[in-house]
Amino acid sequence: HAVQAGFGKKGKDWDIGAGMKWLGAGYNTMGYPFVQNDRLEYTFNTKFNAFKKKTNVVASIGQRFGNWSTSASRTSQIIANANVFTQFNDRFSVNANYNNFGFNTSSSLGGIKNVGNDLGISPTYTWTTTKMSNLLSLNYNWSKYTEVILFPASTTNNNTHTAMLLYAPS
């Protein structure tokens, strides 16, 4: 069995809502064979415009529980993300996003905790000359991942920075 439900309220320049999903222990999806079953999750979601509708913010935070039917081996995850887009003028915009993914198992499973954080920032500038249009974009992403295993005791850290500069005349 599976249940998905949600509710929300829409305003002129904002939305707010919550959602819940439960996938029973024996549930198998037809189109997504890798979806974890036996889980319960909930999220709180919002979306709003600000600064004379030049900025759009979309965000959610929630929690996911795996092995829901077996409390001794239940796992928990924090799921959160935010995206902010601002169009400063006809030529310049910035998009920023953040994602958090955390996973925690009970000590009876060996005790594993991992947390992944991703932050991305992408400013874009466009301009037109008499002969062509131009786009200049910088994409920067920072990704940090930490995993802690209680038995045997070990810690893994991964810290990655990626940047790309793009110029596209057309």
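For the numbers below, each heavy atom of this structure counts, side chains included, while hydrogens, waters and symmetry mates do not.
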### Query
Given Asn117 and Tyr98, is the side chain to side chain contact (heavy atoms under 4.5 Å, CB included) satisfied, shown in steps?
CA-CA 7 Å; Asn117 291 285; Tyr98 172 77; 2.4 Å; yes
### Message
Evaluate Trp14 against Ile16 for side chain to side chain contact (heavy atoms under 4.5 Å, CB included), listing each step before the verdict.
### Response
CA-CA 7 Å; Trp14 56 270; Ile16 190 165; 3.8 Å; yes
#### Entry: Minimal non-hydrogen separation, Leu23 against Ala2, with atom names
CD2-CB, 3.6 Å
### Query
When the ring planes of Tyr42 and Phe65 are compared, do they come out parallel, tilted or perpendicular, using 30° and 60° as the limits?
tilted
### Query
Can you name the nearest heavy-atom pair linking Gln63 to Ile79, along with the distance?
N-CG1, 3.9 Å
### Query
Of all heavy-atom pairs between Asn141 and Leu119, which one has the smallest distance, and what is that distance?
OD1-O, 3.0 Å
### Query
Which pair of heavy atoms, one from Trp22 and one from Gly24, lies closest together, and at what distance?
CZ2-CA, 3.5 Å
### Query
Say you draw a straight line from NZ of Lys144 to OG1 of Thr160; how long is it, rounded to the nearest 0.5 Å?
11.5 Å
### Query
Should we say atom NE2 of His1 is surrounded by more than 12 heavy atoms from elsewhere, each under 6.0 Å from it?
no
### Query
Which residue pairs pass the salt bridge (charged side-chain N to carboxylate O under 4.0 Å, His left out) test when at least one of the two sits in residues 1-13, sequence neighbours left out?
Asp13-Lys53
### Query
Do the ring planes of Phe92 and Tyr125 sit parallel (below 30°), tilted (30 to 60°) or perpendicular (above 60°)?
tilted
## Note on the structure
So CG of Asn114 and OG1 of Thr155: to nearest 0.5 Å the spacing works out to 12.0 Å
### Task
Could you go through the side chain to side chain contact (heavy atoms under 4.5 Å, CB included) check for Asp15 and Asn45 one step at a time?
CA-CA 8 Å; Asp15 291 3; Asn45 314 298; over 6 Å; no
### Task
Measure across Gln87 and Asn89 and return the closest heavy-atom pair with its distance rounded to 0.1 Å.
NE2-O, 2.6 Å
### Query
So how far is it from Met132 CE to Ser170 OG, rounded to the nearest 0.5 Å?
8.5 Å
### Message
Quick check: is Val84 connected to Phe88 through a chain of hydrophobic side chains (ILVMFWY, heavy atoms under 4.5 Å apart)?
### Response
no
### Query
Knowing that exactly one of Thr156, Asn157, Asn159 qualifies, which makes a side-chain hydrogen bond (donor to acceptor under 3.5 Å, both in side chains) with Thr146?
Asn157
### Neighbour count above 12 (heavy atom, 6.0 Å) for Asn158 CG
yes
### Query
Are Val94 and Tyr167 linked, directly or through other ILVMFWY residues, by side chains that come within less than 4.5 angstrom of each other?
yes
#### Entry: Inter-residue atom distance Met20.CE - Leu40.CG, 0.5 Å rounding
6.0 Å
### Query
Roughly how far, to the nearest 0.5 Å, is the CG atom of Leu165 from the CG atom of Leu136?
5.5 Å
## Note on the structure
With Val115 as partner, the option from Val148, Ile78, Asn100 fulfilling side chain to side chain contact (heavy atoms under 4.5 Å, CB included) is Asn100
### Message
For a quick test of reading the model, state the closest non-hydrogen atom pair linking Ala25 to Asp38 and the distance between them.
### Response
CA-CB, 3.6 Å
### Task
Using side-chain hydrogen bond (donor to acceptor under 3.5 Å, both in side chains) as the criterion, point out the one residue from Thr124, Asn83, Asn139, Asn56 that pairs with Asn95.
Asn83
